[in-house]
Number of protein chains: 2
Amino acid sequence: MTKRADKPITLADVARRAGTSTAVVSYVINNGPRPVAAATRERVLAAAAELGYRPNRIARALRSRTTGVVGLVLADASNPYFGALARHVEQALERRDRLTLIGNAGYSADRQRDLVDRFLAAQVDGLVIVSAEGGDDVTDRAEAAGVPAVYVHHGPSDGRARVVAADNHDAVREAVAHLRGHGHRHIAFLGGAHDAGPVAARRTAWEAAVAGDPWAALLRCDYSRAAADSLTRRLAADDALPRALITATDEQAIGVLSGAWASGVAVPGRLAVISLDGTPESAHTAPALTVTRQPLEAMAEQAVELLSGRDSGAPGVHAPLVIRRSCGCDED
Amino acid sequence: MTKRADKPITLADVARRAGTSTAVVSYVINNGPRPVAAATRERVLAAAAELGYRPNRIARALRSRTTGVVGLVLADASNPYFGALARHVEQALERRDRLTLIGNAGYSADRQRDLVDRFLAAQVDGLVIVSAEGGDDVTDRAEAAGVPAVYVHHGPSDGRARVVAADNHDAVREAVAHLRGHGHRHIAFLGGAHDAGPVAARRTAWEAAVAGDPWAALLRCDYSRAAADSLTRRLAADDALPRALITATDEQAIGVLSGAWASGVAVPGRLAVISLDGTPESAHTAPALTVTRQPLEAMAEQAVELLSGRDSGAPGVHAPLVIRRSCGCDED
DNA sequence: CACTGCTATCTAAACGATTAGATGCGATGA
DNA sequence: TCATCGCATCTAATCGTTTAGATAGCAGTG
């Protein structure tokens, strides 16, 4: 008895049923640019409801030249850090009634460029770029298409691009101060194998914070757990572990923890650790990690805000210190 | 010296420059339904290249009634399991030259329904649903709109919906057999607090696999690390821990590990653990987790295939056993 | 040479919504 | 009573592609 549903309902259908033109229906649907008499509005609303009318966003987009869709270029959704960021960006967009196109660029500048082109062809209203490194020419392409772009976790530093990131200097300073409070003199840092992206900034911040201490060691390895794990085992075997360590990412911190565990090194007794990341996971390691938590939600919100708003000069979002056990504190 | 780029290039621009009609250009661009003389094709291609023409997908979508966009409804992208699944789905779609709209439903059936409606209004060509539980009425809505829908991690069991999932029975049987091989007689199971979704199937599979053993204990807690952690501490304090345990998810397994560590319980010596999940993380816990790895990539591929293809009756994807240390094996 | 049959191309009507301009109508004021 | 004003509404152009139907040119055939 139900109507055949394979013919989608259009504005014209609603207009016919309400006995008006498509224009009025449009005016009613989106409190149009012109007013509509109350009685007519009622009729239209009723007709729309009865027919189950759903505006076709594609048609609307073609005419109004705005799709309500934003492209999100992600390095890798299976990385929990990026995944969480993606989720917050999507939700910030949904709050503004926009949809999110997602794509994984997988750490490749080529693929990132490709994705951006595909998104631009889909007429996105904006681009949010959450990539590990590189991909700086994206700004040009987006600009050429007249589409605003915002980098979130890190971005080109030439000042032309809008970049939202945590205030690393601040965070590292706080972490160093905390470890000093535990009596540590020399605070080592575990960064990435190559200097690039936001971790370079974290290293710089660490260098500033420990300036004047020639014994503060700089360690390096890949951002994977495996790499940090084996580095830690190697250092433990050589008896070359520092007593206090700040890691650039949770992945590395967790690798350090498992490497230390495997080598019989006590954390935080023999080795105190603070990570500059703060994924939810960090609360459930053994021992629980003390971190400076990346303010993902605030960053996502600011990024989306920046997409529409004017150049609010993105002053860097504060990353709070979350004290757990790996630093030497004994809360429970 | 460059052209003002704010006026996007259209088919008509290319046609004018090539001295043809828009029809031929269209035929050339997509090896149209009609042939074009070689010489003309060359001219068109040249003109398009010179102008940097990019077809407007929105206009194309409006006319051809197919957007090349698929909606991906996700419970929560910050969960690494879902994140990885999302990534594989996106990449399987990209291989077929389609774009992915993403949305986080956050374990709420209402939000899921809402998202599906938004996606349908955006005229998606298909829907991939990766949600934890519930949301079964989505099938109806999609069907009414004539859009194919596939559930991935779990879905309604009424047989009307297309569901791609790992073969849990098979996986659990293998895990139980392996633990028995280590000499364990009674193999406990840690499931979710409430019976629902795919974990119910895992529990059922476990019940089948340990049938006849009245001492095989069924434990329950939330899927969070915190819950599993505190449950483990409690059981350890009461000296009520089993000797061999299969957990429904890695999150729980990791919680068990940290709870055991905090309670001085040796894994795998006092408590052997196998998780039915297998996120990348499971390789880097202390000790490394033995798991039946969910075949995420294969599942994603099959889901996307199912979206276009006919009802290939989704026979369940095999989840291989990955032997590490938490089961009692001593590989290194 | 008239006619048929191809091929290569052009013309123009969709797709479904938005919105500027035209229109109709009742109320108001002179 | 007529011109005027405003409001509510209608008409139709438009966004950029796709594609069915019309057309033109040319070769082959009787």
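First the proteins, then the strands, lettered A, B, ... as listed; each starts at 1. We use all heavy atoms of the structure for the numbers below, so side chains are in, but hydrogens, waters and symmetry mates are not.
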> Could you tell me the separation between the CD atom of Q123(A) and the P atom of dG16(D), rounded to a whole number of Å?
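Roughly 9 Å, once rounded to whole Å.
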> Which nucleotide, dT18(D), dC10(C), dA20(C), lies nearest any side-chain atom of R34(A)?
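So the nucleotide nearest the side chain must be dA20(C).
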> May I have the distance from R16(B) (atom CZ) to dT9(C) (atom P), rounded to whole angstrom?
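Atom-to-atom, R16(B) to dT9(C), this comes out as 19 Å.
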> Heavy atoms under 4.0 Å, any strand shown: does R65(B) hit a base, just sugar-phosphate, or nothing?
sugar-phosphate
> Nearest 0.5 Å please: distance from the NE2 atom of H88(B) over to the CG atom of L296(B).
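Those atoms lie 6.5 Å apart.
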> Show the numbers, then the answer: is there a side chain to side chain donor-acceptor pair (under 3.5 Å) between Y107(A) and S131(A)?
CA-CA 7 Å; Y107(A) 308 100; S131(A) 71; over 6 Å; no
> So, OP1 or OP2 of dT9(C): does either fall under 4.0 Å of a side-chain N or O from T40(B)?
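Yes, such a contact exists.
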> Within the 3.5 Å criterion, strictly below it, is a donor on S78(A) or D76(A) matched to an acceptor on the partner's side chain?
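Yes, D76(A) and S78(A) have a side-chain donor paired with an acceptor closer than 3.5 Å.
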> I'd like to know if Y27(B) reaches the base of dA20(D) with its side chain such that a donor and an acceptor end up less than 3.5 angstrom apart.
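Check passes, donor-acceptor contact within cut-off.
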> Would you kindly give the CZ-to-P distance between R60(A) and dC15(C), to the nearest whole Å?
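From R60(A) CZ to dC15(C) P: 19 Å.
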> Return the value, rounded to whole Å, for the distance between atom CG of L51(A) and atom C1' of dG16(C).
15 Å
> Tell me: CG of D13(A) to C1' of dA17(C), nearest whole Å?
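My rounded result for the distance is 13 Å.
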> So, is Y53(A) near the phosphate of dA17(C), with a side-chain N or O under 4.0 Å from OP1 or OP2?
yes
> How far does CG of L99(A) sit from CZ of R118(B), to the nearest 0.5 angstrom?
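Between L99(A) CG and R118(B) CZ, I get 5.5 Å after rounding to 0.5 Å.
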> May I ask you to evaluate whether R63(B) reaches the phosphate of dA14(C), defined as a side-chain N or O under 4.0 Å from OP1 or OP2?
no
> Please report, rounded to the nearest Å, how far the C1' atom of dT9(D) is from the CG atom of L11(A).
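Taking atom C1' of dT9(D) as the reference, CG of L11(A) is at 15 Å.
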> Regarding A37(A), tell me which of base, sugar-phosphate or nothing describes its non-hydrogen contacts under 4.0 Å with the strands shown.
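Since only primed, P, OP1 and OP2 atoms lie under 4.0 Å of A37(A), the category is sugar-phosphate.
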> Whole-Å distance between dT18(D) P and I58(B) CD1?
13 Å
> Picking from dT18(D), dT9(C), dG16(C), which would you name as closest to the side chain of N30(B)?
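Shortest atom-to-atom distance from the side chain points to dT18(D).
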> Please classify the nucleic acid contact of S21(B) as base, sugar-phosphate, or nothing, using heavy-atom distances under 4.0 Å.
base
> Report yes if a side-chain nitrogen or oxygen of N56(A) is closer than 4.0 Å to either non-bridging phosphate oxygen (OP1 or OP2) of dC15(C); otherwise report no.
no
> Check every strand shown and say whether S26(B) touches a base, only sugar-phosphate, or nothing at a heavy-atom separation below 4.0 Å.
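Base contact - S26(B) has a heavy atom under 4.0 Å of at least one base atom.
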> Any idea which heavy atoms bring P55(B) and I29(B) closest together, and the distance?
CG-CG2, 4.5 Å
> dA13(D) P sits how many Å from L62(A) CG, rounded?
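In whole Å, dA13(D) P lies 17 Å from L62(A) CG.
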> Of S64(B) and V24(B), whose closest DNA chain C nucleotide lies nearer the 5' terminus?
V24(B)
